[in-house]
Student: 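Okay, handing you the structure first.
This one's a predicted model, so the numbers in the text were calculated from it and none came from an experiment. Hydrogens, waters and symmetry mates play no part in the numbers below; they use all other heavy atoms, side chains included.
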Amino acid sequence: QFLLRFTRNNNDKQTNKQTNKQTNKQTNKQTECTMFKQAPLPFVGQKRMFLKHFEEVLNANITNDGEGWTIIDTFGGSGLLSHVAKQLKPKARVIYNDFDGYAERLMHIDDINALRAQLYAVVGNATQKNKRLTKDCKAECIKIIQNFKGYIDLNCLASWLLFSGQQVATLDDLFQNDFWHCVRQSDYPKADGYLDGLEITRESFHTLLPKFSGDPKALFVLDPPYLCTRQESYKQATYFDLIDFLRLINLTRPPYVFFSSTKSEFVRFIEYMVEDKVDNWEAFYNSERVVVKASASYSGKYEDNMVYKF
């Protein structure tokens, strides 16, 4: 007895034939609007590698423009999945749960670009790209950051100055690390239209999801922080722990799209649930799974997963 019907979508050339016809019908609509293929500002865990598969699932299961549907991006993160859902299904109600304050970051792109330019002026010619900064250069960068009068975006600073995706919770934490030259050479573009049409809220998932649990045309998009991984980039230290994970599992019901990774225990856990018929096991029985292989220079290879059921 199998829990999941696998669809491998990395180096394999397999495609979901059932989605092709409806995906083609959406082509003209997609080309009429500007769709972002990645979040405008850095965010650890944005699902840009899954966008094609997410689009296919939406088009295969939500007809036409999505009229009558509600799509709840429960752990909204960078808002990329909300943005794509609204572009593909413009008549659907799309709720972006901006628990991490990403919309606020987008309001300060000018300040972010100004600070980037100041740092690059110091780092650009002093250090080779992707190399460690000298102590003097690091000290100069810290001085620039401390004296900057505008908005300071910690996520951007971490992506510019820390090694390979390191995350920190505060500026003090940032300053304790070695600095590396990962400062981008160009400004971030404006994010005009990125959040257009979205209903933005900020609410705990265990109060948000029950509002829609009885609606068969309410799609739960679930991309929580992964268990067993570091979560410093999120706003709250206790943002998502084991108790929250168990709560979420018991609130999940079709239709849903659930993202996870082999860096966490999600897939193994739902396999156990179905095998032993534990708690909310029926929600995950015969679900489908898309697997994308990924790698990180500091932690080796792993698999990202998109599990879904309609």
Student: Ignoring hydrogens and angles, tell me if any N or O in the side chain of Arg202 forms a donor-acceptor pair with the backbone of Phe99 under 3.5 Å.
Tutor: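 At least one qualifying donor-acceptor pair exists.
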
Student: Please find out if less than 6.0 Å separates the ring center of Phe245 from that of Phe269.
Tutor: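 Judged by ring-centre distance (under 6.0 Å), Phe245 and Phe269 do meet the cut-off.
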
Student: Is there a donor-acceptor pair closer than 3.5 Å between any side-chain N or O of Asp215 and the backbone N or O of Lys217?
Tutor: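 The answer is yes, because a donor-acceptor pair under 3.5 Å joins these two groups.
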
Student: Please give me the minimum heavy-atom distance between Asn97 and Glu203, naming the atom from each residue.
Tutor: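 Smallest heavy-atom distance, with atoms named: ND2-O, 2.6 Å.
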
Student: Please check this pair: side chain of Arg253 against backbone of Pro255, looking for a donor-acceptor N/O pair closer than 3.5 Å.
Tutor: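 Yes; judged by distance alone, with no hydrogens or angles, the pair exists.
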
Student: Can you give the donor-acceptor pairs under 3.5 Å from side chains of residues 133-141 to other protein atoms, not counting sequence neighbours?
Tutor:
residue, atom, partner, partner atom, Å
Thr134, OG1, Cys137, N, 3.1
Lys138, NZ, Phe175, O, 2.9
Lys138, NZ, Asn177, O, 2.8

Student: What residues form a side-chain contact (heavy atoms from CB on, under 4.5 Å) with Pro254, not counting sequence neighbours?
Tutor: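 Testing Pro254 for side-chain contact (heavy atoms from CB on, under 4.5 Å), a comparison that skips the adjacent residues, returns Tyr256, Ala283, Lys309.
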
Student: Between Arg116 and Asp111, is there a donor-acceptor pair closer than 3.5 Å when you use the side chain of the first and the backbone of the second?
Tutor: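 No, because the side chain of Arg116 does not come within donor-acceptor range (under 3.5 Å) of the backbone of Asp111.
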
Student: Salt bridge (charged side-chain N to carboxylate O under 4.0 Å, His left out), that's the test. Do Glu55 and Lys37 meet it? Break it down for me.
Tutor: CA-CA 11 Å; Glu55 292 173 19; Lys37 295 300 183 181; 3.3 Å; yes

Student: Using side-chain contact (heavy atoms from CB on, under 4.5 Å) as the criterion, point out the one residue from Asn61, Asp73, Ile71, Ile72 that pairs with Leu219.
Tutor: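 Filter result, single survivor: Ile71.
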
Student: Between the side chain of Asn113 and the main-chain N/O of Tyr188, is any donor-acceptor distance below 3.5 Å?
Tutor: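 Here the side-chain-to-backbone pair exists.
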
Student: Ignoring hydrogens and geometry, is there a side-chain-to-backbone donor-acceptor pair from Tyr96 to Leu81 under 3.5 Å?
Tutor: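 Flag not set: sc Tyr96 to bb Leu81 has no pair under 3.5 Å.
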
Student: Assess Arg289 against Tyr308: is NZ or CZ under 6.0 Å from the centre of the six-membered ring, and within 45 degrees of the ring's axis?
Tutor: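 So Arg289 doesn't make the cation-pi contact.
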
Student: Does the salt bridge (charged side-chain N to carboxylate O under 4.0 Å, His left out) test come out yes or no for Asp196 and Lys86, once each step is laid out?
Tutor: CA-CA 8 Å; Asp196 284 358; Lys86 189 63 179 178; over 6 Å; no

Student: The criterion is ring-ring contact (aromatic ring centres under 6.0 Å, His included); which residues satisfy it with Phe259, sequence neighbours excluded?
Tutor: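 With neighbours one apart ignored, the set is Phe50.
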
Student: Report yes if the distance between the aromatic ring centroids of Phe75 and Phe205 is under 6.0 Å, otherwise no.
Tutor: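 So the answer is yes for these two rings.
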
Student: Honestly curious: do Phe266 and Ile243 fall in one hydrophobic cluster under the side-chain, below-4.5 Å linking rule?
Tutor: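 No, no single cluster joins them.
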
